[in-house]
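Here is the naming used below: chain letters follow the sequence lines, and residue numbers restart at 1 for every chain. Here the structure is a predicted model, which is why all the values come from computation and not from measurement.
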Amino acid sequence: MTWLKPSWQAVLAIALCMIAVVFKDPNAGFNYWQSWGPMIGLAVLASLISMIRLAPVVEALILLIGAHLVAWMLIRGIGSFEGEVLIPYLVALIAAWVLGINLAMLAPYFLLLTSAWLLAWRGVAVLSSLQPTEKWARIALRLIIPAIFGAWILIIWEAVTRGAGIPFILLPPPSAIGARIANSLPILGSDVRQTIFKAVLIGYVAGNLAGFAVAILADRVPFLRRGLLPIGNMVSALPIIGVAPIMVMWFGFDWPSKAAVVIIMTFFPMLVNTVAGLAASGHMERDLMRTYASGYWPTLLKLRLPAAMPFIFNALKINSTLALIGAIVAEFFGTPVVGMGFRISTEVGRMNIDMVWAEIAVAALAGSVFYGVVALIERAVTFWHPSVRGG
Amino acid sequence: MDSFRSKIIPVTTILAGVVVLWYVFAVILNAPFQRDLDQRGNETPSTVEFIGKTLSQPKPTMPAPHQVAVNFFENTFLRSVTSNRSLVYNAWVTLSSTLLGFAFGTALGIVIAVGIVHVATLDRSLMPWIIASQTIPILAVAPMIIVVLAAIGITGLIPKALISTYLSFFPVAVGMVKGLRSPELMHLDLMHTYSASASQTFWKLRVPASVPFLFTSMKVAVAASLVGAIVGELPTGAVAGIGAKLLAGAYYSQTIDIWSALVAGSIVAALLVMVVGIAGRLVDRAMGGRPA
């Protein structure tokens, strides 16, 4: 048996395929029977091959290709019966299953989906047990594994929403959201311009600069530091987002009020982190600077600010998320007829849920890009830090 | 105690400065409207009278601290607790969904952390997504969750609590992963020499080691959870809760109401963080921790 190494995922996947074959009911009205044989065959074949002792890379490749092909065929096959099977029907099915009645209709579909998912799981497990020595391979693995996980979230989302006929209003499938994004690029673009390029960026820059300046001031005046730090820590726990209606009242409906909310939200994290960071340089280094007879400003610029950079970037990262949240939520309190928060709240009211999801996808993308850019700049600036150097 | 005393003077000085600045700004911001009003009424008040008037407008641009304090006091202590204008009632509505969401979020965070620490596949595949999930401005989803769940008949506490859950699971998950991994190799080796099983190592070494991390992250989580509950109340059509109070105040320009709702929210936040902190200290002491 040395050439065989069973894995529970593969065995379970084969078992599920077998059950699916038993439950198969050609009269069920589904349209995917023509690809039925290939799907079952592929799943079983991939499971069987994966249990032969192979190079792990080959095994993972076979598993992942098999799993994704099956999933792709499944989702393509359901194109024609989406919406037929509504939630009440699913509930009835579950009830039937509990009562021990034959559930021939949907079972094969979900059994196959589950076995494809198990295969992908096994593939990812194999991949994550790899310990490559080359740097590029490690980086590639670090990207591929989460990417597969994300892909399966989308696959299962798509397959379940369409397969089980979940009402469009409740949760539209990713493909519909993608189509909506592609169709309404101009609207999304103008929303992004209004919310992100005006409110978020201006507020983010101003808030961080203000926090930084006050932190330097507090550093010069110890009395101020002792007073401001506890207050800053305290404020970070408060629901600052509540100032949004006040800012809208003061600065009007357009972007300045949103930028003001963002400034207030980003100010305190920056203040607290910069003050903590300025205390981060060690006594030895500071004494060294004193022996060089360097005054306050040269010491600040050449020693303490660089040493504070990890803290400052921590604040910048926290603030990148806070800024987006602040701007979008502030728009719930009143806007001109453009902006991401405005679009979300009005389209929810009109039950255009796919548009809301499109807006959320754009916001998620913008948030991730924002965070990623800050993280990249951080790597470039704090190249000396152990956490970057060691990577 | 010494550090406390060295802090209290600067803190009170700065707070006093904030109050003074607040009064100054209240006068400056309310002045244009008051001047306009006086002109129409053909009144020429003296400077002192004028300042007095700017600080006692019924719907000021910026309410003065004492106006907020009076409004807060009236709505907290003088109204019956069941009245829907009572801040105690509204704070309670928000607090209940905060606590429910916080409980869900903490449980979810702990479960995810245990999974990540024990299953390598989850560690490699889930962890990046957990971090990415927080770069998403998820509060934007709040109105949709509320409206959609209302469309299928789920209203009240649960939708708001779900938003709180989403916001509070992240700090707990990240903190717990750190905490469960905090035992050093030496300690793990020691457990190994005792031939401890995986579950014994987990319960007797990893869990106790993670408790301080858990409480630190729970403090962050409970504050986030309150924000989630408040934002969750915005799109519900202003029924009750601190968020609803904010929205109603914004609709009717009741600025004083907005400010006192903000004060109420801040007090609830401070109390929640304090309670979690005290609970953490009690648990620490019960487990035999010595003050550092």
Engineer: Which pair of non-hydrogen atoms, one from A:L228 and one from B:I14, has the smallest distance, and what is that distance?
Structural biologist: N-CD1, 3.7 Å

Engineer: Using non-hydrogen atoms only, which part of A:I144 is less than 4.5 Å away from chain B: side chain, backbone, both, or neither?
Structural biologist: neither

Engineer: Chain B heavy atoms under 4.5 Å from A:L224: which part of the residue, side chain, backbone, both or neither?
Structural biologist: both

Engineer: So what's closer than 4.5 Å to chain B heavy atoms on A:V235: side chain, backbone, both or neither?
Structural biologist: neither

Engineer: Looking at every non-hydrogen atom in both residues, tell me the closest pair between B:I258 and A:M249 and how far apart they are.
Structural biologist: CD1-CE, 3.7 Å

Engineer: Counting heavy atoms not belonging to A:F223, are there more than 12 under 6.0 Å from its CZ?
Structural biologist: yes

Engineer: Is the count of non-hydrogen atoms from other residues, nucleotides or ligands lying under 6.0 Å from A:W250 atom CH2 greater than 12?
Structural biologist: yes

Engineer: Counting only heavy atoms not in B:R181, do more than 12 sit closer than 6.0 Å to its CZ atom?
Structural biologist: yes

Engineer: Given B:T255 and A:I246, is the side chain to side chain contact (heavy atoms under 4.5 Å, CB included) satisfied, shown in steps?
Structural biologist: CA-CA 7 Å; B:T255 34; A:I246 298 167; 5.9 Å; no

Engineer: Please flag which part of B:S266 lies under 4.5 Å from any non-hydrogen atom of chain A: side chain, backbone, both or neither.
Structural biologist: both

Engineer: Taking everything shown except B:K219 itself, do over 12 heavy atoms lie less than 6.0 Å from its NZ?
Structural biologist: no

